[in-house]
Number of protein chains: 2
Amino acid sequence: MKYAIGVDFGTESGRAVLVEVGTGHEVATAVYAYANGVIDERLPGTGVPLTPDWALQDPEDYLRTLQVAIPRVLQDAGASPQDVIGVGIDFTACTMLPVRSDGTPLCMLAPWRGEPHAWVKLWKHHAAQPEADEINRVAREMGQAWLDRYGGKISSEWFFSKSLQILSEAPEIYAAADRLIEAADWVVWQLTGVETRNSCTAGYKALWSKREGFPPQGYFGSLHPGFATVVETKMSRDIRSVGERAGGLTPQAAAWTSLMPGTAVAVANVDAHVAVPAATVTDVGRMVMIMGTSICHMVLGREEHIVPGMCGCVEDGIIPGFFGYEAGQSCVGDHFAWFVENCVPARLEREAAEQGTDLHALLERKAAALEPGESGLLALDWWNGNRSVLVDVDLSGVLLGATLATRPEEIYRALIEATAFGTRVIVETFQQNGVPIHELVACGGLPEKNRLLMQIFADVTGLPIRVSSSKQTPALGSAMFGAVAAGARSGGYDTIYDAAQRMARLKDEAFLPDPKRHAAYSDLFADYLRLHDYFGRGENDVLKRLKRWRAEVRGRAEAVHA
Amino acid sequence: MKYAIGVDFGTESGRAVLVEVGTGHEVATAVYAYANGVIDERLPGTGVPLTPDWALQDPEDYLRTLQVAIPRVLQDAGASPQDVIGVGIDFTACTMLPVRSDGTPLCMLAPWRGEPHAWVKLWKHHAAQPEADEINRVAREMGQAWLDRYGGKISSEWFFSKSLQILSEAPEIYAAADRLIEAADWVVWQLTGVETRNSCTAGYKALWSKREGFPPQGYFGSLHPGFATVVETKMSRDIRSVGERAGGLTPQAAAWTSLMPGTAVAVANVDAHVAVPAATVTDVGRMVMIMGTSICHMVLGREEHIVPGMCGCVEDGIIPGFFGYEAGQSCVGDHFAWFVENCVPARLEREAAEQGTDLHALLERKAAALEPGESGLLALDWWNGNRSVLVDVDLSGVLLGATLATRPEEIYRALIEATAFGTRVIVETFQQNGVPIHELVACGGLPEKNRLLMQIFADVTGLPIRVSSSKQTPALGSAMFGAVAAGARSGGYDTIYDAAQRMARLKDEAFLPDPKRHAAYSDLFADYLRLHDYFGRGENDVLKRLKRWRAEVRGRAEAVHA
């Protein structure tokens, strides 16, 4: 029996899964909760305070994940290290850090421990918005063609926004950093002793493309004179395709993990992207939705198309040989959590308690009794802005149709319907721009938790939905890439296609669209689209005015208190 | 010491107040809760079921109010019947019933007790919508000029809608009814033995005007051949102005009430309208708001103007010598009750309990800490349709600007602001159409309960708001009209102006608009108006489509269950 191990580095914890290479059976799982979690108030040790929008992590937590979780899955499974043929990892992204030439993170060195910019900037570090604005402005002015691959706008979360923030605010850190690197690639470096850069984060987060490489020095120099050579001095132009072998475990890494030195390690990957083959998708036509607090939408194409509002299109970014398209909805599970936290009356809490269930389940049951249109409600799902077609964080949520007879479960259902309409906009935008989609494949936490939501997504989009049989699809995907890094000669696979064939699996049950409900939802969707354009495309910018006024009032209040 | 008694007939109970004529001091109050309350499921006694939208009352409850509440205030005050110089009553309207020529309600006669149409139709009986639609359609087709006095549309709640429903659905009741009469006038008939008709209900609910009388026979005949002579055969063309003496107490009524036979009784009146002089308003320029579940807006004018969306303009309808204008908002207190019932999470309920307060008070305190615009929210206050400028029951509520940071108290404040914007629309519509308003005077339950709401109304409208010092302004107003019916020679007053001078009073405190907040709200109001017109005037009829789809789905569901 041969095994591969996948390690999924999340926001709060890291998770290792031991998988049978021949079958994809998940034998053992172990989770390590990061000791320092998300660092957003004070630096560990020094207590240096952080301003709002900052979100850091401690790289020691990544090493401890390897040291704790991998030995535990071996032990729980009673597996021999000799039978583990490969390791793959996936990560949140862009999560990046400054390191020395030997790979030592600056924040691990005494002189820099009190300097926020020396730490890992987590994906949801949002303090680099001014840098992102500048990157977008200059790119537009210089007519940089790569901007189109990212829906016309890059995010404050991405690699160069964060790097430029380091240079602008802490030039001494920027100077001391021999390398700026994705945490994903840094962990692979720690495992193998070799610095590699993966095509997924390079493509989706660092503006790299297989055909054109990185943006030119002249562009980076226009952002900041010291930034012109950022790629040459701090990064690498040697980008490795996902699915390749990065190297073998060093003796030290073998000691950390209880695995054999030389065990194959795959090039690093990103959590959402690595889920695609683990959800059986290795060809065009089926869109994968990683559904949790938000949704990532992933679809493969044979050609490069410019699709409005997508997050990125990267050749070899998901599966070698395909253009990988990514889009996203910024508020899905978050939506329902907000609603349950803020808008559900005590009488329903009591009813749930009496029935021995939770509020989500009670609301789902009540909402499931309604037909499309029966609530009389229609919502725009922009509680956290819009990061799909409109790419506009300044949009906000809208609810129409409330009456004195409106009940909480009706609002709850309207919010589900709104997120489904949001996904339909994404699906149709891909379809209209040359990227076919005929089936949806779901993974992540939501499909396990909310069957009503899955059925509404099927009814609204008119597409069948299959669900990944793994409850930890990214970790499974990483194990699959670990098996590919080992190769068939070592008992693994030569390609991710072969691995997906044997290791990835869907549940038998599908959520099929009901034609009548789909027709009813298409009427509602026409109104959703009209309001989407009215409020989202400049006809009435009231949502932006409301956000601006809110920010102005809060700004004045802070000025008074300061 | 001379007294007058006002009796306010409400929806669930009748209230008698004994008032000192010289000072307006309210000496004693007694409330009688109607034994049969609102009859909307089954007829008392026979158990005959009612269909939805029906709302009836039992006229016996009105007599019991006289028999119970008036003796009780006399007793509580230790007042002598000889010192009570006059009685006035006010009523909900249009609340009407079919009676015999001697005043006996048909529903009190054995043969008719099981016939729903024989009972009192309460103001909120909404089953006459088809008749109202027909009345409006025919009036438009025939170019009936009176339609303009009612904002272009009359309501299913009004007198001829209800009368025509009787004729259409129960012609034998219509035939058996010697009279169709407002309950207000019927009670005065019971007190005095004389049938009178008051100018307030005749004008606001029965299409009468001082100059033109009722619509012509030809119009009524076009609605239904048997309806041509409804005024001649079932009503009266002898309309008495509010403020007149209807008659003196009969011996029987004196026995019921423990008052002296011959005590002056005023012509009947309507609760909202009688509140105007009781709130000190007997001249132009100050708008009275009766604020409860909904708001009635009352203002006096020297001339007749056609104001879009007002409920009615009636000469002598409120105060003799003036045109009385009425407008309304259909959802104010109801709004907040709905919100607290359906949208406030258990954690706030616990917080309120810990602080020993109720949810409304807790929400008010939290919402009061916010500045205009700080919530980032904007709402359209149409949870119960719009009965002011747009006069459209098929509109519904809208909320914009929600984010994951939105808190319940912010939504609560946005709903208050929305109702204030709704009142500003009414105020400005009056002002733009020749009816000046420079101050607001509030009465009813809300001003006592919610200071934040009052301040927001002042800040949004930019007008100072004074508050009636009486907590039972309509009953006080009725007592004032009772004192006027008695006249100065009997220790009362000759005019309602004199009575208001001495008996009506405002609290010293005023809610004054803050110029900065008014300016901020004017920015928000511009967006409110734009959305008001976008959703309310046909540019995007999505709210109506949502209502129609909801009705269709519910209709299908009922068909399946039937």
Side-chain angles (χ1 to χ4, degrees), chain A residues 331 334-335 337-338 340-350 359 370-380 382-385 396-408 411 520 523-524 527-528 530-531 534-535 540 542-543 545-554 556-557, chain B residues 331 334-335 337-338 340-350 359 370-380 382-385 396-408 411 520 523-524 527-528 530-531 534-535 540 542-543 545-554 556-557:
Chain A
C331 183
D334 275 354
H335 221 147
W338 171 84
V340 167
E341 171 77 7
N342 289 287
C343 306
V344 178
R347 67 183 154 85
L348 287 193
E349 215 172 271
R350 286 189 288 270
L359 262 178
L370 299 167
E371 288 295 316
E374 189 172 356
S375 69
L377 299 172
L378 180 62
L380 294 179
W382 300 342
W383 264 246
N384 196 16
S396 54
V398 174
L399 178 72
L400 290 91
T403 73
L404 294 175
T406 297
R407 296 289 160 260
I411 302 177
D523 287 344
L524 277 165
D527 268 310
Y528 174 92
R530 185 164 167 192
L531 293 164
Y534 179 73
F535 287 117
N540 186 343
V542 56
L543 300 179
R545 284 191 290 279
L546 290 171
K547 273 229 169 146
R548 198 178 64 232
W549 286 329
R550 179 174 189 273
E552 284 171 7
V553 172
R554 303 232 154 174
R556 278 202 303 274
Chain B
C331 183
D334 275 353
H335 222 147
W338 171 85
V340 167
E341 171 77 9
N342 289 286
C343 306
V344 178
R347 66 182 155 86
L348 286 192
E349 213 172 273
R350 285 189 289 270
L359 263 176
L370 299 167
E371 288 295 316
E374 188 171 358
S375 70
L377 299 172
L378 181 61
L380 294 179
W382 300 341
W383 263 247
N384 196 17
S396 53
V398 174
L399 179 72
L400 290 91
T403 73
L404 295 176
T406 297
R407 295 290 160 260
I411 302 177
D523 287 344
L524 277 165
D527 268 310
Y528 174 92
R530 185 163 166 193
L531 293 164
Y534 178 74
F535 287 117
N540 186 343
V542 55
L543 300 179
R545 284 191 290 279
L546 290 171
K547 273 229 169 149
R548 198 178 63 232
W549 286 329
R550 179 174 190 273
E552 283 171 8
V553 173
R554 303 231 154 176
R556 277 201 304 274

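Within every chain, numbering begins at 1; the chains are lettered A, B, ... in the order of the sequence lines, protein sequences first and strands thereafter. Hydrogens, waters and symmetry mates play no part in the numbers below; they use all other heavy atoms, side chains included.
B:L546 approaches A:G376 most closely through the heavy-atom pair CB-O, 3.5 Å. A:A402 and B:S396 make their closest contact through O-CB, 3.5 Å (heavy atoms, listed as atom of the first residue, atom of the second, distance). Among all heavy-atom pairs drawn from B:L404 and A:C331, the shortest one is CD2-SG, 3.8 Å. Listed here is the closest heavy atom pair of A:R550 and B:E374: CG-O, 3.2 Å.
The closest donor-acceptor contact from the side chain of B:W338 to the backbone of A:T406 lies under 3.5 Å.
Chain B forms the most heavy-atom pairs under 4.5 Å with one residue out of A:R350, A:E552, A:R407, A:R347, and that residue is A:R347. Among the candidates A:R545, A:K547, A:R548, A:E371, the residue making the largest number of heavy-atom pairs closer than 4.5 Å to chain B is A:R545. If you tally non-hydrogen atom pairs under 4.5 Å between each of B:S375, B:A379, B:A346, B:A337 and chain A, the highest count goes to B:A346. Interface remark: of the candidates B:L531, B:L399, B:L380, B:L399 forms the most heavy-atom pairs closer than 4.5 Å to chain A. In terms of heavy-atom pairs under 4.5 angstrom with chain A, the leader among B:V398, B:D527, B:N384 is B:D527.
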Stepwise side chain to side chain contact (heavy atoms under 4.5 Å, CB included) check, A:N540 with B:Y534 = CA-CA 10 Å; A:N540 186 343; B:Y534 178 74; 5.9 Å; no
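Both the backbone and the side chain of A:E341 come within contact range of chain B, each with at least one heavy atom under 4.5 Å from a heavy atom of that chain.
The distance from the CG atom of B:L348 to the CG atom of A:N342 is 8.5 Å, given to the nearest 0.5 Å.
With contacts defined as side-chain heavy-atom distances shorter than 4.5 Å, the pair A:R530/B:V542 does not qualify. Using a 4.5 Å heavy-atom cutoff, the side chains of B:W549 and A:L378 are not in contact.
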